[in-house]
Amino acid sequence: MKPFFLFILLFFIGFNSYGQIKSDYESQKADIERGFEDKGEIYFKFSVPGRFDLNNLSRLISIDNAKDQVIGYEIFAYANREEFKEFLKFNFKFQVLKHPGIPEFDVKSSSNPKDIMADWDVYPTYSGYVAMMNQFQTSYPDLCKVVDAGSTVLGKKILFAKISDSVNYRKPKPRFMFSSTIHGDETTGFVLMLRLIDTLLKGYGTDSKITNLVKNCEIWINPNANPDGSYRNTDLLTNPTRYNWNSKDLNRNFPDPVAGPNPTGTWQPETIVMMNLMSQYNFSLSGNFHGGAEVANYPWDCKAALHPDDLWFIKICKDYVDTVHAVSPSTYMDDLLGYPNIPGVTNGYAWYSVAGGRQDYMTFFKSGREVTFEISNTKFLNPAQLPAHWNYNQKSFLNYIEETLFGIRGIVTDSISGLPLEAQVYVIGQNDTTFVLSDSICGDYHRMIATGTYSLKFTAPNHIAKTISNIRAKYDSTTILNVQLAPNPTTLKFEGVAVENYKLGQNYPNPFNSFTNIKFSLLKPGFTKLEIYDISGKLVSSMLKEHLNPGNYEIRLNSADMASGIYIYKLTATDYSDIKKMILIK
């Protein structure tokens with residue numbers, strides 16, 4: 001009889017729970033429907049008994065905060081209509097809350113950049129925001145270029161201010177990115193990033209630290225990554241939402257190391273814009289500003305395993321927070337969330353798991369490093385409090401940018417041509433996914449890392465890999481290591497004879513003696529340059545072409561053609577004994 005009574009007990013518990021949830025829904029139905037109609041999303045809280053439920057729900061709804069209780073977690077979350085339907089299937093009691101994007105203050109806003117910049121206690125209108133960004137470029141054309149990276153669902157612009165003393169050309173220095181307000185109702189970082197752009201531009205040449213950063217870093221700043229959410233189909237920032245216009249959380253929309261390429265469905269236009277930009281430019285370090293908590297959150301978000309650079313992540317996050325604590329109230333940015341137990345610092349997964357987050361995408365897929373900074377417990381901050389939050393964070397902003405100048409860095413080049421290479425730089429003993437890339441234009445790489453002694457492996461397409469050991473790195477200092485990689489031998493087929501590239505300084509039989517007209521077959525596509533060297537190793541011809549397709553070619557060298565700059569793939573020389581080697585270069 002005991003099993004029967006147990007069944008009856010569980011039945012009534014389940015029935016009563018279902019009845020309670022149904023009652024929760026019915027009693028709050030009007031608020032729920034109003035939220036979906038007004039904003040396309042609702043904000044609510046509930047409790048779960050353990051980590052298993054927390055992780056499962058994080059794949060279905062957009063969890064905003066998870067507070068560890070004596071038993072279980074108190075969860076604060078957003079959901080669109082479809083997500084909320086899935087949540088209801090779990091039968092958890094819930095309470096719909098006032099949306100964080102509904103202000104409890106009179107929103108002070110302006111379209112005039114001068115009004116906004118006077119005391120920085122005003123939210124810009126959307127048109128005012130665009131005007132400010134364009135004004136930065138107009139006022140500082142040698143330092144600032146505004147990059148229109150793409151458009152939102154409603155056609156608003158996702159803008160970056162690119163700041164550098166070489167803003168119109170590329171120099172061998174790290175690319176750095178700050179971005180804010182990927183959740184449209186988290187507005188503190190939006191205005192602080194505009195103020196940071198202004199501070200960097202005005203401080204160049206007068207402030208030594210700012211001047212050093214602008215000279216030695218290429219700084220990209222995107223004040224608002226979700227303008228549709230912030231401005232909600234209007235010019236005024238008065239009714240912001242977390243999600244974009246399609247009611248999707250953009251910080252759950254990126255490819256994920258664990259959940260796969262589409263963890264929350266189709267990529268949104270804003271996500272595609274960011275992915276395209278990150279693929280086009282090699283960002284060494286980035287920071288993403290949020291609100292709703294006060295903590296520096298570092299990878300991974302998607303899995304419990306610690307990143308191989310965990311110690312380095314903890315160090316740079318702690319540096320940020322310690323600098324903040326020196327100038328802020330004792331209660332600011334002191335959240336204790338997960339691991340490690342350092343006020344204001346948390347590992348993402350230890351707090352709560354996220355699938356499709358941008359920081360894991362940048363760190364795992366784009367060979368960069370990114371930290372999420374939650375800089376205000378209040379999401380839609382009263383603009384009167386913006387100057388205080390600037391004072392709390394401004395030194396940390398600059399220090400965090402400066403991190404790109406530390407660690408192991410240098411330039412990777414081809415050992416023969418001296419041209420820069422896009423190489424993968426691995427730390428021996430670490431997971432292969434933690435490599436960084438050297439820049440395809442300048443060849444510079446930047447491997448930020450914890451204090452220690454390391455072996456680095458450098459690889460590049462069509463080149464011989466090289467490993468260098470006993471490289472010493474130290475926090476807050478720089479180790480310069482320039483590397484040359486030798487090209488792999490290129491095999492050409494001359495009249496059916498396979499001929500390898502020859503090494504300089506050694507004598508080989510001339511394979512061309514028996515031919516009056518040299519013909520060869522190109523085996524691989526994509527080559528753009530043919531180099532011919534004489535017996536002493538001197539380059540006698542460098543013939544360029546936009547694209548050399550596979551096919552059969554006759555090579556002749558005509559000195560008159562070469563002198564006139566007419567470089568064609570023909571050789572007309574009476575004595576081929578002077579030719580030592582030929583190299584095809586991609």
Side-chain angles (χ1 to χ4, degrees), residues 17-48 57-67 74-109 123 125-126 152-154 156 181-188 190 224 226-253 264-265 268 270 290-293 376-383:
S17 174
Y18 175 77
Q20 180 63 54
I21 299 305
K22 186 175 181 181
S23 174
D24 284 349
Y25 178 77
E26 293 298 333
S27 65
Q28 301 177 85
K29 184 176 180 179
D31 291 336
I32 293 169
E33 290 301 316
R34 189 180 303 113
F36 289 143
E37 290 296 324
D38 182 39
K39 292 179 174 288
E41 64 191 39
I42 61 170
Y43 187 61
F44 59 105
K45 71 175 183 177
F46 59 98
S47 294
V48 297
L57 285 166
S58 71
R59 301 295 190 267
L60 299 176
I61 59 178
S62 182
I63 293 177
D64 178 56
N65 203 340
K67 297 183 178 180
E74 183 180 35
I75 309 299
F76 295 81
Y78 293 77
N80 62 30
R81 192 180 295 275
E82 291 73 22
E83 292 166 346
F84 193 64
K85 286 180 181 177
E86 293 300 313
F87 166 76
L88 290 176
K89 295 177 182 179
F90 281 76
N91 290 339
F92 287 117
K93 294 179 63 176
F94 65 90
Q95 179 184 350
V96 176
L97 304 172
K98 180 182 178 182
H99 193 286
I102 300 174
E104 297 179 351
F105 51 85
D106 292 331
V107 180
K108 187 179 179 182
S109 61
Y123 283 116
T125 62
Y126 174 71
T152 66
V153 175
L154 296 180
K156 292 186 173 69
T181 317
I182 195 171
H183 294 144
D185 60 349
E186 297 170 7
T187 58
T188 304
F190 177 23
N224 196 309
N226 182 11
D228 282 359
S230 293
Y231 290 98
R232 195 65 186 165
N233 200 27
T234 178
D235 195 49
L236 298 174
L237 205 165
T238 55
N239 185 35
T241 60
R242 178 183 182 89
Y243 291 1
N244 75 340
W245 185 254
N246 285 339
S247 297
K248 294 290 186 180
D249 188 333
L250 298 177
N251 203 43
R252 306 292 187 273
N253 196 232
T264 56
Q268 295 298 295
E270 297 89 344
H290 289 242
S376 172
N377 281 329
T378 303
K379 290 171 172 290
F380 191 9
L381 192 68
N382 189 320

Self-check item: Asn251 and His183, any side-chain heavy atoms less than 4.5 Å apart
Solution: yes
Self-check item: Expected output: side-chain Gln28 to main-chain Asp24 donor-acceptor under 3.5 Å
Solution: yes
Exercise. Please answer whether the main-chain N or O of Trp245 pairs with a side-chain N or O of Asp228 as donor and acceptor at a distance below 3.5 Å.
Key: no
Self-check item: Shortest non-hydrogen contact from Leu381 toward Thr187
Solution: N-OG1, 3.4 Å
Self-check item: Criterion side-chain contact (heavy atoms from CB on, under 4.5 Å) on Tyr43 and Asp64, from CA distance to verdict
Solution: CA-CA 9 Å; Tyr43 187 61; Asp64 178 56; 3.4 Å; yes
Quiz item: How about Glu270 and Val153: do any of their side-chain heavy atoms sit closer than 4.5 Å?
Solution: yes
Self-check item: Test item: Phe76 and Leu97 side chains (from C-beta on) under 4.5 Å apart, heavy atoms
Solution: yes
Quiz item: Looking at CD of Glu86 and CG of Asn80, how far apart are the two atoms once the value is rounded to the nearest 0.5 Å?
Solution: 10.5 Å
Practice problem: Identify which one of Thr241, Asp185, Asp249 satisfies the side-chain hydrogen bond (donor to acceptor under 3.5 Å, both in side chains) criterion when paired with Tyr78. | Solution: Asp185
Practice problem: Can you measure from CD1 (Ile75) to CZ (Phe44) and round to the nearest 0.5 angstrom? | Solution: 10.0 Å
Self-check item: Backbone N/O of Pro240 and side chain of Lys39: donor-acceptor pair under 3.5 Å
Solution: yes
Exercise. Go through Gln268 and Asn253 one step at a time and tell me if the side chain to side chain donor-acceptor pair (under 3.5 Å) criterion holds.
Key: CA-CA 7 Å; Gln268 295 298 295; Asn253 196 232; 5.0 Å; no
Quiz item: Checking Glu186 side chain against His290 main chain: does a donor-acceptor pair fall under 3.5 Å?
Solution: no
Quiz item: Under the 3.5 angstrom rule, does the side chain of Ser247 hit a backbone N or O of Gly40 as a donor-acceptor pair?
Solution: yes
Exercise. Specify the closest pair of heavy atoms between Ala77 and Phe46, including all atoms of both residues, with the distance to one decimal.
Key: CB-CE2, 4.2 Å
Quiz item: Roughly how far, to the nearest 0.5 Å, is NE2 of His99 from NZ of Lys379?
Solution: 8.5 Å
Quiz item: Just by modelled atom types, is the Arg242 backbone N or O under 3.5 Å from a matching donor or acceptor in the Asn226 side chain?
Solution: yes
Self-check item: Close side-chain approach of Asn244 and Thr152, heavy atoms under 4.5 Å
Solution: no
Quiz item: How long is the span from the CG atom in Leu237 to the OH atom in Tyr123, to the nearest 0.5 Å?
Solution: 7.0 Å
Self-check item: Test log, rule side-chain contact (heavy atoms from CB on, under 4.5 Å), inputs Phe36 and Phe84
Solution: CA-CA 10 Å; Phe36 289 143; Phe84 193 64; 3.9 Å; yes
Practice problem: Test side-chain contact (heavy atoms from CB on, under 4.5 Å) on Phe380 and Thr378 and set out the steps. | Solution: CA-CA 6 Å; Phe380 191 9; Thr378 303; 5.5 Å; no
Quiz prompt | Arg252 side chain vs Ile61 backbone, donor-acceptor pair below 3.5 Å | solution = no
Quiz item: Taking atom CG of Asn239 and atom OH of Tyr231, what is their separation to the nearest 0.5 Å?
Solution: 13.5 Å
Quiz item: Does any non-hydrogen side-chain atom of Glu37 lie less than 4.5 Å from one of Arg81?
Solution: yes
Quiz item: Between Ala293 and Asn65, what is the shortest heavy-atom contact and its length?
Solution: CB-ND2, 4.4 Å
Practice problem: Dump the intermediate steps for side-chain contact (heavy atoms from CB on, under 4.5 Å) on Arg34 and Ile42, then the final yes or no. | Solution: CA-CA 9 Å; Arg34 189 180 303 113; Ile42 61 170; over 6 Å; no
Self-check item: Closest contact, heavy atoms only, Asn224 versus Ser230
Solution: ND2-OG, 3.0 Å
Practice problem: Give, for atom CZ of Phe87 and atom CG of Leu57, the distance between the pair rounded to the nearest 0.5 Å. | Solution: 6.5 Å
